[in-house]
Amino acid sequence: MTTPIPVHVVWYKRDLRISDHAPLARASAAGHCIPLFVFEPDQWTQPEVDRTHFDFVTQSLRELDLNLTKLGGQLLVRTGDIVAVLEVLRHEFGSMSLHSHEETGGNWSYQRDRRVRAWCRQQGIVWTEYRQNGVTRGLKSRDRWSVLWQQFVTQPIADVPASVSMQPALQTEVFPDPDVLGVRGTSIPGAQFGGETHAGTVLDSFLQERGRNYRSAMSSPISAETSCSRISPYLAWGCMSIKQVHQRLQNRKLAIAAQVGDPQAVHRTQRDWSQSMSSFQSRLSWHCHFIQKLEDETELEHRNLCRVYDGLREDDFRNDYFEAWCTGQTGYPMIDACMRYLIAHRWINFRMRAMLISFAAYQLWLHWREPAVFLARHFLDFEPGIHYPQSQMQSGVTGINTIRIYSPVKQGKDQDPDGRFVRTWVPELQRIPLSLLFDPWRISLDDQARYGCQLGRDYPHPIVDPTESVRKAKERIYAIRETEFASRAAQQVFQKHGSRKRRDPIPKKSSIRPASQQQLWLPGMEDTSL
């Protein structure tokens, strides 16, 4: 009988890197280390999961394995239930410990981690979890949360291990076939490529070049494609850490401040970069602020943050409206263009994400859950802790956020002033003049024939009346929002989840304006998923 070999298993989940990876650093320093990634079938059949997620993860894993090999180790890949896989390792080695990052995921991962924790207790195995971001587990109060976040992101970066001792070497498995695993969807050639190297390259290009006009360019889907950071998938899947981003941002700000040269040119450069980097920095904090909500209240994946809105939309769900929204066939050109762009790229900027959800919630009066799941599948940067609270916020069911009903017509005119974006993604409207492009339902029958676009045949009539749908939505949601019961419930939500940055956290009952006329004080989904 062989003598048990004490091993330290590093369980990789959504942290696919070797740099600033505390579990790997601690485990490798303690002795024999087994970096482990398990393709868990139940995870890959969740309704939010898509083939593009699988592709991104496998791309990242290939680089991770290569980097571990350079350190003398390897990535052990298994397919199956995590508890069953860990039990096999325990039986083989006898003495083992488990290291991983904390994960704030959906209910599936929460229940999975509970099973692992119970198994560890039963087997007498020590499972050490390490913070990966600015979320505080077991938080009692949101007071001073920003101080705790700042303390975390300024901590030293965990060093890459000098070596990873893995004796004896284990036979790894090939990646499973996504079709056999039950993964939905197909690969998208235009989606961002995974991996730690790509994460660093994208961040560098933003901090050194692309980010100068971030503040002014992030709202339009045209300019945002290059001016936004585009690092959100890398943070969502852990190809880089929030600490790394924050500290590289601080270094970049110091470099900008130290620039020399022509005084006027330097002043313009410093002004642009300072404003943009300030906006970017605030969104790093908001990124974790939203994830903290799901950490503190795991049910938010499925139910309203403010319970007084339960039942508001559930009984009125129209599947035909939902299908038209999903396929970019609503008859609202800016909505349809954004949805088609998203499906092709698996990314779109925040303002357009917010508009898509707002339109589904108010004009179409759809409950947020099904649209949120659909978008999760199509967001390569899907981060549950950001996605579900943001979806609820844009649907008006948090109780503590201003109601924002986006006008697709005004958003089109503001964010696509020459019509290039809409004409590209809704080619049916190619010949429609700019004055009618964003509200083609105003075109006369004679002009429809002249421009070669007959509504109802070449492009849909608007799925709902542009004016009446908004009027009804306001009436319905304010019938609840203006009650004393709703006000008390909102105060309770704020005490648990509020940012503590505004003196008057609850919007006044009488105020409502289209979101296109308001300054967005909250960050975007892309930028909170940085």
Next item on the list: Evaluate the ring planes of F206 and F280, with Trp represented by its six-membered ring, and classify them as parallel (under 30°), tilted (30 to 60°) or perpendicular (over 60°).
Entry: tilted
Checklist line | Where R17 and S241 come nearest, the two heavy atoms and their spacing | finding: NH2-CB, 3.6 Å
Next item on the list: Mind checking the CD-CD spacing from Q150 to Q155? Nearest 0.5 Å is all I need.
Entry: 11.0 Å
Next item on the list: For the pair K243 and Q132, evaluate side chain to side chain donor-acceptor pair (under 3.5 Å) and give the outcome as yes or no after the intermediate values.
Entry: CA-CA 9 Å; K243 280 197 298 182; Q132 177 167 221; over 6 Å; no
Notebook entry, point to check: Where do K140 and D296 land on the salt bridge (Lys or Arg N to Asp or Glu O under 4.0 Å) test, with the steps shown first?
Noted result: CA-CA 9 Å; K140 301 300 182 183; D296 294 342; over 6 Å; no
Checklist line | Lys/Arg N to Asp/Glu carboxylate O, R137 vs E129, below 4.0 Å | finding: yes
Checklist line | Evaluation steps, side chain to side chain donor-acceptor pair (under 3.5 Å), between W127 and S100 | finding: CA-CA 8 Å; W127 178 16; S100 74; 2.9 Å; yes
Next item on the list: For the pair S109 (side chain) and E103 (backbone), establish whether a donor and an acceptor sit closer than 3.5 Å, ignoring hydrogens and angles.
Entry: no
Item checked: Donor-acceptor contact below 3.5 Å, side chain R476 vs main chain R313 -> no
Notebook entry, point to check: So, the side chain of S60 versus the backbone of G195: is there a donor-acceptor pair under 3.5 Å, distance only?
Noted result: yes
Notebook entry, point to check: Y341 versus C338: any side-chain heavy-atom pair under 4.5 Å?
Noted result: no
Next item on the list: Count the heavy atoms of every other residue, nucleotide or ligand shown that sit under 6.0 Å from CG of D315, and state whether that count exceeds 12.
Entry: no
Check: Will you find, in the side chains of H8 and S97, an N or O donor that is under 3.5 Å from an N or O acceptor?
Finding: yes
Next item on the list: State, to 0.1 Å, how close S163 and S28 come at their nearest heavy-atom pair, and which atoms those are.
Entry: O-CB, 3.8 Å
Next item on the list: Report yes if the side chains of Q192 and H198 come closer than 4.5 Å at any heavy-atom pair, otherwise no.
Entry: no
Checklist line | R303 atom CZ, over 12 foreign heavy atoms within 6.0 Å | finding: yes
Item checked: Check ion pair R112-D42 (N to O, under 4.0 angstrom) -> no
Next item on the list: Give a yes or no on whether the backbone of L366 and the side-chain of R318 come within a donor-acceptor separation of less than 3.5 Å.
Entry: no
Next item on the list: Hey, could you give me the CG/CD1 distance between L98 and I34, rounded to the nearest 0.5 Å?
Entry: 11.0 Å
Check: Do you know the tightest heavy-atom contact between I348 and L342?
Finding: N-CD1, 4.2 Å
Item checked: Nearest non-hydrogen partners of F317 and H367, listed with the distance -> CD1-N, 3.8 Å
Check: Testing H287, H246, H289 for ring-ring contact (aromatic ring centres under 6.0 Å, His included) with W149, which one passes?
Finding: H246
Margin query: Using 30° and 60° as the class boundaries, would you call the ring planes of F39 and F37 parallel, tilted or perpendicular?
Written below: perpendicular
Item checked: Short side-chain donor-acceptor distance under 3.5 Å, S19 and E196 -> yes
Checklist line | Polar side-chain atom of D15 near backbone of G238 as donor-acceptor pair, under 3.5 Å | finding: no
Notebook entry, point to check: Can any side-chain N or O of Q392 pair as donor or acceptor with the backbone N or O of L300 at less than 3.5 Å?
Noted result: yes
Notebook entry, point to check: Are any non-hydrogen side-chain atoms of I357 and W368 less than 4.5 angstrom apart?
Noted result: no
Next item on the list: Dump the intermediate steps for side chain to side chain donor-acceptor pair (under 3.5 Å) on E297 and H497, then the final yes or no.
Entry: CA-CA 9 Å; E297 197 164 349; H497 296 291; 2.6 Å; yes
Check: Side-chain contact, heavy-atom cut-off 4.5 Å: V308 with R488?
Finding: no
Checklist line | W11 side chain to L86 backbone, donor-acceptor under 3.5 Å | finding: no
Next item on the list: Consider only side-chain N and O atoms of S205 and R210, and report whether a donor and an acceptor are under 3.5 Å apart.
Entry: yes
Item checked: Lys/Arg-Asp/Glu bridge criterion (N-O < 4.0 Å) met for R142, E295 -> no
Next item on the list: Could you walk me through whether E299 and R307 pass the salt bridge (Lys or Arg N to Asp or Glu O under 4.0 Å) test, one step at a time?
Entry: CA-CA 11 Å; E299 299 88 354; R307 303 305 301 275; over 6 Å; no
Next item on the list: Output, in order, the C-alpha distance, side-chain angles, deciding distance and verdict of salt bridge (Lys or Arg N to Asp or Glu O under 4.0 Å) for E383 and K293.
Entry: CA-CA 12 Å; E383 175 69 65; K293 294 175 185 285; over 6 Å; no
Checklist line | Atom of A25, atom of D159 and distance for their closest heavy-atom approach | finding: CB-O, 3.8 Å
Check: Would you find more than 12 non-hydrogen atoms of other residues, nucleotides or ligands less than 6.0 Å from H302 atom NE2?
Finding: yes
Notebook entry, point to check: If you measure from OG1 on T186 to CG on D179, what distance do you get to the nearest 0.5 Å?
Noted result: 10.0 Å
Item checked: Flag, side chain of E314 to backbone of G311, donor-acceptor distance under 3.5 Å -> yes
Note to self: Once you measure the plane-to-plane angle for Y12 and H21, does it fall in the parallel (<30°), tilted (30-60°) or perpendicular (>60°) bin?
What the structure shows: tilted
Item checked: Within-4.5 Å side-chain heavy-atom neighbours: W108 and E301 -> no
Checklist line | Intermediate values then yes/no, side chain to side chain donor-acceptor pair (under 3.5 Å), T398 and N401 | finding: CA-CA 6 Å; T398 67; N401 298 107; 2.7 Å; yes
Item checked: Distance-only polar pair, side chains of T197 and E63, donor-acceptor under 3.5 Å -> yes
Next item on the list: Drop me the distance from S141's OG to K496's NZ, to the nearest 0.5 angstrom.
Entry: 12.0 Å
Check: Between T201 and D204, does any side-chain donor sit less than 3.5 Å from a side-chain acceptor?
Finding: no
Check: What class does the angle between the rings of F56 and W237 fall in, given that below 30° is parallel, 30 to 60° is tilted and above 60° is perpendicular?
Finding: tilted
Next item on the list: For the pair R351 (side chain) and M355 (backbone), establish whether a donor and an acceptor sit closer than 3.5 Å, ignoring hydrogens and angles.
Entry: no
Check: Do the rings of Y388 and F382 sit parallel, tilted or perpendicular, given the 30° and 60° boundaries?
Finding: perpendicular
Check: Would R346 and D50 pass as an ion pair if we require N to O under 4.0 Å?
Finding: yes
Next item on the list: Enter the distance from I403:CD1 to M393:CE here, rounded to the nearest 0.5 Å.
Entry: 11.5 Å
Checklist line | Validation row: F54, Q59 side chains within 4.5 angstrom (heavy atoms) | finding: no
Note to self: Before you tell me yes or no, could you show the steps for D113 and R117 under salt bridge (Lys or Arg N to Asp or Glu O under 4.0 Å), namely the whole-Å CA-CA distance, both residues' side-chain angles and the distance that decides it to 0.1 Å?
What the structure shows: CA-CA 6 Å; D113 285 358; R117 190 167 292 108; 5.5 Å; no
Margin query: Which heavy atom of Y130 sits nearest to which heavy atom of P23, and what is that distance?
Written below: CD1-CG, 3.4 Å
Next item on the list: Mind checking the OG1-CZ spacing from T45 to R184? Nearest 0.5 Å is all I need.
Entry: 7.0 Å
Item checked: Side-chain donor/acceptor of S285 to backbone N/O of S282, under 3.5 Å -> no
Margin query: Just so I know, are the side chains of L356 and Y406 near enough to count as touching, which here means a heavy-atom distance under 4.5 Å?
Written below: no
Notebook entry, point to check: If we only count heavy atoms from C-beta on, is the R62 to D65 side-chain gap below 4.5 Å?
Noted result: no
